[in-house]
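Below you'll find the structure, written out as structure tokens, and then a few comments.
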2 protein chains.
Amino acid sequence: MQLSNTEEELMEHLWNLEKAYMSDLLEQFPDPRPAPTTIATLLKRMQEKGFVSYNQHGRSRQYFPLVAKTDYFGSHVRGLIKKFFNNSSAQFASFFTKETDLSAKELEELRAIIDKEIERKES
Amino acid sequence: MQLSNTEEELMEHLWNLEKAYMSDLLEQFPDPRPAPTTIATLLKRMQEKGFVSYNQHGRSRQYFPLVAKTDYFGSHVRGLIKKFFNNSSAQFASFFTKETDLSAKELEELRAIIDKEIERKES
DNA sequence: GAGGTTGCTCTACAAATGTAGAAAATTAAA
DNA sequence: TTTAATTTTCTACATTTGTAGAGCAACCTC
């Protein structure tokens, strides 16, 4: 099952913190903070969906992600590519570089990454 | 407002066809086809959300997208980048190349694209 | 040890989503 | 022209999402 939008936002915070108590998570939200019960509900649903677990640490729980950000994100992107780009990563990459307006520096950086990848692949 | 998942799928077909009658759209779906009323409902909602319009063409309507795929997709990706990569395209690109397991050929292709972009930028 | 604070579960409820039947209107087909 | 298929609107209903109060248990504080 998929995370909903709000759940995803919460997950982001959890990925950043790696481990967190309710209060830590609550703190992460910008000012008109959601009610603590809202966060609690979300965490519960996320547990049911298998994205989050916790360690009972004294009185309360220290939550942590069960799914790595890279995994989650990777499958997300693959989904997009499949849906919009006929499953062609290169087609996507092409679109991406053209459309997202990378700076010269970013482009250089990206090329370096790719070169490294190519090298890695060759060995 | 955003398209929901099913709406997005339908939109995909519409982008592919460019213009389409109900029946054309219905045909696009793999076998356990949704009921025609389902498609109709979706189209209606998509019109309300401003993603689709139509020309009354004789008895029925020829639907067409109001939003270009590249625009829709671009803002989608930008959203992801913002949410997951701290708004850094390069960070995203790096992740992308590392994680999506491009083939050697795709990597070469991608590098060519980037080189071209760099060139374009320099001029 | 009485009262506030925190974190949790349970319950609730409005809005959005996924799905489609009923019915009307139109048209194609026999 | 009677019948059958097509397209649309309306209505409906279960599920999921966003949001949070009520209430309870555990703790902290004086």
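Each chain gets a letter, A, B and so on, in the order its sequence line appears, and its residues count up from 1. On a predicted model such as this, the values are computed, not experimentally measured, just so you know.
For D:dT7, the OP1/OP2 oxygens have no side-chain nitrogen or oxygen of B:Y63 closer than 4.0 Å. Remark: A:S4 is in phosphate contact with D:dG18, judged by side-chain N or O atoms under 4.0 Å from OP1 or OP2. For B:K44 and C:dT19, the shortest distance from a side-chain N or O to OP1 or OP2 is not below 4.0 Å.
Within 4.0 Å (heavy atoms only), B:T41 reaches at least one base atom of the nucleic acid. B:R61 comes within 4.0 angstrom of sugar-phosphate atoms only, judged by non-hydrogen atoms across all strands, and of no base. B:A40 comes within contact range of at least one nucleobase, with a heavy-atom separation under 4.0 Å. At a threshold of 4.0 angstrom between heavy atoms, the contacts of A:S60 are confined to the sugar-phosphate backbone, with no base atom among them. Among the protein residues, A:T6 comes within range of the sugar-phosphate backbone only, with heavy atoms under 4.0 Å from sugar or phosphate atoms but none that close to a base. Looking at heavy-atom distances under 4.0 Å, B:P34 makes contact with sugar-phosphate atoms alone, never a base.
Listed nucleotides D:dA20, C:dA22, C:dC8 differ in distance to B:T37; the shortest reach to its side chain belongs to C:dA22.
Salt-bridge check for B:E12 with B:K69: passed, with a basic side-chain N closer than 4.0 Å to an acidic carboxylate O.
Using cut-offs of 30° and 60° on the angle between ring planes, the pair B:Y72 and B:F51 is perpendicular.
Counting distance only, with no hydrogens placed and no angle test, the side-chain atoms of A:R45 and the base atoms of C:dT9 include no donor-acceptor pair under 3.5 Å.
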